[in-house]
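Each ligand, and each atom within it, is numbered from 1 in the order the structure gives. This structure is a prediction, so every number in the text was calculated from the model and none was measured.
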Amino acid sequence: MIKAQIPQIKSLLSSPKNVVIVPHRNPDGDAMGSTLALMHYLKTYNHDVVVITPNDYPEFLKWLPGDQSVLKFDSQTEECKLLIDKADLLFTLDFNAFHRAGHELAPVLENSNSVKVMIDHHQEPDDYAAYTYSDVSMSSTCEMIYNFIDMLGDQDKIDETIATCLYVGIMTDTGSFRFKGTTSKTHEVIGCLIEKGANNSEIHNNIYDTNSINRLQLLGVALQNLKVIPELRTAYISLSQVELDAFNFKKGDTEGFVNYALSLKGIIFAAIFIESQQDEIIKISFRSKGDFSVNEFSRAHFNGGGHNNAAGGRSETDLQSTIDKFISILPQYKHELSQ
Ligand code: 5GP
Ligand code: MN
């Protein structure tokens, strides 16, 4: 979205509309923070606004202001379809291709007659929206929602509720302000959000200090399973469904595990392979340091994508075959990984 389009969006928003806001499947902190912040903002203009997630999200996000009003497409399908059907405006946040909403919701979004707005910071956006605000240099979609509200001249509408939601997404997507996408502007935005009432230490506690003993012990298993390929500066972790079951796995429990592999001295490429019997796939997370693009790696080999240093992917074969494939591909990247 270029600034020149802001007047058009302003005029779209000048009378009450039915608005639906959707994040990607398996929503994370940035997805939930950005959708809920935008919901609270648009409600100040008396729009009828609802957040519809493709599926459920982790417990550690369920304290966010407005959480109780969120509808989940996979369990409330008919209600969601009706709302999408009558939507005048559809905001898609923190993703940039319909398939990221999952194969059930994707066609419903695609066939909707609503005016579509995309706000997202991932690579290679599709061209489906009437208004696209796509910027891969942004730390998070939440930082972009802050900019969006600012461009609309509504800084003063950011209250404690909106500030809290935005703080969550910026904090989680930047690994608490340490990843490369964190700029001085990001810190300025965070400073402003704290001024508006976001309680930084309370938010951090709510997100990160809610471990169950099961999750910590599952982390123990993950660390036992950690393998290192020193000559390719690569480390990876695997978790089987049996291991997940043994510790009563809940959505979100493995969040951040891959970072332990990346924290090893000298390692610049890390992966975690997690078996999901329910989805009949191996869910993969890739992380890197420096120039090695896990977005390109995942797009090329594991049906995924994301950012240069953080991407997701999937495999439809079993856990061991997936790991074998990963190991067999690595030598192709010997030059990039060993320099
Ligand atoms: P995670 O490993 O935490 O699931 O995802 C890391 C980043 O990659 C996130 O920004 C996420 O939105 C993105 N991502 C995860 N899975 C996929 C995928 O299958 N396709 C694409 N394009 N992006 C993904
Ligand atoms: Mn994000």
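Of all the N, O or S atoms in H121, the one closest to the Mn ion (ligand 2) is NE2. Checked against the Mn ion (ligand 2), the N, O or S atom of D94 at the shortest distance is OD1.
A 4.5 Å side-chain heavy-atom check between Q155 and C192 finds at least one atom pair inside the cut-off. Looking at heavy atoms from C-beta onward, F292 lies out of side-chain contact with R233 at the 4.5 angstrom threshold.
Checked against a 3.5 angstrom limit, the closest N/O atoms of D28 and ligand 1 fall outside it. Where the criterion is an N or O separation shorter than 3.5 Å, residue side chain and backbone included, G313 fails it with respect to ligand 1. Close N/O approach between H99 and ligand 1 is not found [any backbone or side-chain N/O within under 3.5 Å]. Taking any N or O of D94, backbone or side chain, none lies under 3.5 Å from an N or O belonging to ligand 1.
Vertex the Mn ion (ligand 2); arms to D173 atom OD2 and D30 atom OD2; angle 80° (nearest 10°).
Applying the 6.0 Å contact sphere to CZ of R299 captures more than 12 heavy atoms from other residues, nucleotides or ligands.
Among the backbone and side-chain atoms of D28, none of the N, O or S atoms lies under 2.8 Å from the Mn ion (ligand 2).
No option in I284, I281, I327 other than I284 meets the side-chain contact (heavy atoms from CB on, under 4.5 Å) test with T322.
In this structure a side-chain-to-backbone donor-acceptor pair under 3.5 Å is present from K10 to L152. Using modelled atom types, no side-chain atom of D67 and backbone atom of L64 make a donor-acceptor pair closer than 3.5 Å.
At a heavy-atom cutoff of 4.0 Å, ligand 1 is contacted by no atom of R314, backbone or side chain. Only the side chain of R287 comes within 4.0 Å of ligand 1, counting heavy atoms alone; its backbone N, CA, C and O stay farther away.
A salt bridge links K62 with D56: at least one charged nitrogen is closer than 4.0 Å to a carboxylate oxygen.
For residues 72-122, the ring pair (Phe, Tyr, Trp, His ring centres under 6.0 Å) pairs, not counting sequence neighbours, are F98-Y128, H121-H307, H122-H307. Counting only residues at least two apart or in different chains, ring pair (Phe, Tyr, Trp, His ring centres under 6.0 Å) contacts with residues 215-239 comprise Y236-F326.
Between H24, R100, R25, it is R100 that holds the heavy atom closest to atom 20 (N) of ligand 1. Which of A271, G256, A310, G312 comes nearest to atom 16 (N) of ligand 1 through a heavy atom is settled by distance: it is G312.
Distances from ligand 1 to the non-hydrogen atoms of K283 include at least one value under 4.0 Å.
Between the side chains of N199 and E160, no donor-acceptor pair of N or O atoms lies under 3.5 Å.
Atoms of ligand 1 lying under 4.0 Å from any heavy atom of H307, numbered from 1 in the order shown and given with element: 10 (O). In summary, the atoms of ligand 1 found under 4.0 Å from a heavy atom of S285, numbered by their order in the structure, are 1 (P), 2 (O), 4 (O).
Classification of the Y41-Y45 ring pair by plane angle, with boundaries at 30° and 60°, yields perpendicular.
The nearest heavy-atom contact from the protein to atom 19 (O) of ligand 1 is G304 CA, 3.7 Å. Protein heavy atom nearest atom 23 (N) of ligand 1, with residue, atom name and distance: G305 O, 2.9 Å. For atom 10 (O) of ligand 1, the closest heavy atom belonging to the protein is H122 NE2, 2.7 Å.
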